[in-house]
Amino acid sequence: GSEGATPNKKSCGKALQLPSVSSVRILQQILQACAGAIHEETAVHAFSSVAKPLNYIGKVYGGGGIAPDSGIYQILLQTCKVLGDIHEMLLSSIPNKPISETFALSRIAQLATASLSPLLSDICLQLSMSEQNNAANNDIQLLRHEFQRAVELSIHSAAISLIHHPELAAESTLAWRRYDIRGAMRGPGGEDHVGCLSLMRLAEESDHLTTFIVTPLRTGTSTGGLGPAILLEIGKLHDDLKILENQRGPGIDHGKGVAPKSRRIVLGVISRFAIVASAGHGISQEDQERVQAMLKEKFLSPVSSIASSKQTTTVGRDAERMFRLCEATFDLASFSPELVSSLFAPVEESVATDSTRIECMQTLAEGGLSGYSRLSTESSEREDQIIRQWGRLRGALVSLIRSSAHPGLPPLAVEVVVAWINAENHAIAIQCRAGPEAASSLFNEAVIGEETLSAGALVRVIGEILKDLPKRAQRLGFDQTRVLESSRNCISVLQQSMSTVLQTILIDSPMASSNCSVDPRPTLCEAWFLTLFELIEFIRHDVGLPQMLCEDPILKQIVSESAAAGLMLLLFPSVNNKVKVVVDVGMSLDGPHMLAFMDFLGSSFALGPSMLQTIVSHLEKTFGMSGIPIIGAALFRGGSGGLPPWAVECMPNVFSALFSALGKDPNGYGKMLSESMEIKLDVNAARFGGVLPGTLFAGPLFKKLSAKTKHEFVEKSLELIVKDTGDAWRRFKVILKQLCGGKKKDSGFNLKPSYTNWECDRI
């Protein structure tokens, strides 16, 4: 609570309210009670449970202006002391007592450290500022002592817990039970050893906390922190965890040590600390060289492992070879972008020797392609394990590309990413042409599907890189020109893969209906349109050059051809409201891919008349007739049952953007609406999707509408759109729904979905 409190003087951001006196007293009493019972699980749990208010107090302190004799200062001091005492107790207890006596206590203590990392970061920042201003009096020195003690003991405690407390005491049961085993050394989310989470939060919470940890304490001064020795200790911890992992055997995550993903979190912590330590921060040249040598050794280990696996050709061990290759690739992806990007960098910028790096990249490139050649539309028990391990390797490669962004996609990664994307699209085409009843050795939940990693994942990673590029570039101090240059490799991947992507999503094969396969086209479609939406947002807002999307021929081609292809997709469903007179020849439009497309289409139209005209020209080239009415007809068809009801909710934004692209000309817009309700596919043309020769593009419903109804719709639409307000476009949606047959009851569509999850670190 902050009743009657005055704002804290904060130099930037919103002013924070000082906690009320009563709130401060309550926290003080809780901390005093916890301090006297740190051996009790309930006391440590109570201490962890007040992390949120303690973190808020840390923000207040980080803003400055807190007197040493205030209650808030005493809370900070007491928090650091209690945290240090808890971990000091664990350091003496864990090696000497049975696991059963320290397991639960240690788990809660590690969670407490992770939860309090924002507080520790704020204290670190304020201590640093006090020392720079020569304001480090005795009270500040006392707080600094307790803070340093808490951080150091927390790191040591996390390390000893990782060695002595197994992440999973028994085999996971999620494969055949609804709930997994209880009592695991994992966080509330059920993933990763809490000791790893504690280390990760301390390493990644803020640059100044990370710098404090790796900076040595200088003799005769109060500045500095723990120094590089702590980093070398964590490096040895990783080696010990790797040994325990190898002793358990391939694929066995329970028993001594931690699961591979948790060990990789430690690798990421090492990488983070080492990169900061390499920047100097008072570290001696000798210590810097030791840290860099340790990091290089850790990084080259999986590189060498991958390179050497190229020579392993024993057929009977293919599945195990693929498993080892996958694990090493996941290890590589755990390092910082500075290191991972060096794999794809010119020789002089790479950490690895050229020959080793070339063999490593060749192995990964060939490994990523190898699974697609194993596609079979019949079940294949013999190759089941090999293909499943390849599915995990595919996820590892996606993680590797995601981690290589520094800040954009490295130049030498373009060719291999394009090859993987096009190979997947080719495999999808083969699968679709085998028919909807065909089984699949690849496109199933065990290999490429929602339960593992859906099709289109590499396309989606390109979008993620574009979305995060401005933040990464800002940290590197890039100006607008360099930010734009950093996106060129991502754009190149999109340009070189566009043809196969669009051809694949437009394949006129019915949706897969076999229990032995999943249709990969919807997620590929979703990934593509989400990525293009982020490309437009990146150029328009982050780079600030919206005109570039219409002036750059490559960007214009990517956006316009994709928009035209998406509009063609809207023509695929049959939209007879009563009886399905024809079978839908394309993929289902019931999924998040249509959410992605509608957002992208609105953004495309918003780029103006030049982009619209290019989209129209692609449609005219395909159908040999005026393209503007086809756009309106495709949207009408979607509103008439071609699209799920939740996708139709996006129509006002799309029609509004289309109105702007037509120059906000009411007459031209009214003409487009009228012609869209009348335009037909030529009687001599081949069937296109659900549109039969000689029938209306907009669907059979519009054949039943009278001329008066159509005229009234156009008149009412023009009355609304000239206002061009949000309310007017929402009312336009109402009359559009009425025109298209009203609310669709029992439509058979699913509820509004969430976007696909593309995370793959735990496959």
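- Listed for the Asn55 side chain is a donor-acceptor partner under 3.5 Å among the backbone atoms of Leu119.
- Atom CD of Gln474 is surrounded by 12 or fewer heavy atoms from other residues, nucleotides or ligands within 6.0 Å.
- Looking at Pro188 and Leu111, their side chains come closer than 4.5 Å, going by heavy atoms from C-beta outward.
- A heavy-atom distance below 4.5 Å is found between the side chains of Phe538 and Pro470.
- Arg290 places no side-chain N or O within 3.5 Å of a backbone atom of Pro228 that could act as its donor or acceptor partner.
- Using a 4.0 Å cut-off between charged nitrogen and carboxylate oxygen, Glu327 and Arg264 count as a salt-bridge pair.
- Distance alone, capped at 3.5 Å, is enough to place a donor-acceptor pair between the Ser154 side chain and the Ala150 backbone.
- Taking 4.5 Å as the limit, some side-chain heavy atom of Pro53 sits within range of a side-chain heavy atom of Leu27.
- A heavy-atom distance below 4.5 Å is found between the side chains of Ser404 and Leu409.
- In the model, Ser336 has no side-chain atom that pairs as donor or acceptor with a side-chain atom of Arg272 under 3.5 Å.
- Note that the OG1 atom of Thr210 and the CD atom of Glu205 stand 9.0 Å from one another [nearest 0.5 Å].
- Rounding to the nearest 0.5 Å gives a distance of 7.5 Å between CD1 of Ile306 and CG of Leu400.
- Listed for the Ser161 side chain is no donor-acceptor partner under 3.5 Å among the backbone atoms of Ala158.
- A 4.5 Å side-chain heavy-atom check between Leu453 and Glu759 finds every atom pair outside the cut-off.
- Of the possible polar contacts, none joining the Ser305 side chain to the Ser301 backbone as a donor-acceptor pair under 3.5 Å is found.
- Here the CD1 atom belonging to Ile38 is positioned 8.0 Å from the NZ atom belonging to Lys81, to the nearest 0.5 angstrom.
- At a threshold of 4.0 Å, the pair Asp207-Arg475 does not count as salt-bridged, since none of the basic side-chain nitrogens sits closer than that to a carboxylate oxygen.
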Q: Show your working on salt bridge (charged side-chain N to carboxylate O under 4.0 Å, His left out) between Lys298 and Asp331 and close with a plain yes or no.
A: CA-CA 9 Å; Lys298 297 282 184 293; Asp331 283 359; over 6 Å; no

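- Asp287 places no side-chain N or O within donor-acceptor distance of the main-chain N or O of Ile283, the cut-off being under 3.5 Å.
- Relative orientation of the Phe335 and Phe299 rings is perpendicular, given thresholds of 30° and 60° on the angle between their planes.
- Between Asp761 and Lys261, at least one side-chain nitrogen of the basic residue sits less than 4.0 Å from a carboxylate oxygen of the acidic one, meeting the salt-bridge criterion.
- Between Tyr73 and Tyr61, the ring centre distance reaches or exceeds 6.0 Å.
- A donor-acceptor contact closer than 3.5 angstrom links the side chains of Thr113 and His87.
- With contacts defined as side-chain heavy-atom distances shorter than 4.5 Å, the pair Glu464/Val461 qualifies.
- There is a side-chain donor-acceptor pair under 3.5 Å between Ser157 and Gln110.
- Taking CD1 of Ile30 as the reference point, atom CG of Leu54 lies at 8.5 Å (rounded to 0.5 Å).
- Summarising the geometry, atom CD belonging to Glu167 is positioned 10.0 Å from atom CE belonging to Met185; distances are rounded to the nearest 0.5 Å.
- In this structure, the side chain of His164 does not engage the main chain of Ile99 through any donor-acceptor pair within 3.5 Å.
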Q.
Under the criterion salt bridge (charged side-chain N to carboxylate O under 4.0 Å, His left out), I'd like the reasoning laid out for Glu146 against Arg149: C-alpha separation, chi angles, the key distance, then a yes or no.
A. CA-CA 5 Å; Glu146 293 297 344; Arg149 173 175 174 266; 3.5 Å; yes

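- Rounded to the nearest 0.5 angstrom, Ile86 CD1 and His39 NE2 are separated by 10.5 Å.
- A donor-acceptor pair under 3.5 Å links the side-chain atoms of Ser92 to the main chain of Met89, judged by distance alone.
- Side-chain N or O atoms of Thr79 include one that pairs as donor or acceptor with a backbone N or O of Ile75 at under 3.5 Å.
- With hydrogens and angles left out, the side-chain atoms of Arg263 and His238 include a donor and acceptor closer than 3.5 Å.
- Between Arg144 and Gln148, the side chains place a donor N or O and an acceptor N or O closer than 3.5 Å (distance only, hydrogens not considered).
- Between Arg201 and Ser117, the side chains place a donor N or O and an acceptor N or O closer than 3.5 Å (distance only, hydrogens not considered).
- A salt bridge does not link Glu537 to Lys467: none of the charged nitrogens lies less than 4.0 Å from a carboxylate oxygen.
- Distance alone, capped at 3.5 Å, places no donor-acceptor pair between the Asp192 side chain and the Gly187 backbone.
- A donor atom on one side chain and an acceptor atom on the other are not found under 3.5 Å apart for Glu40 and His45.
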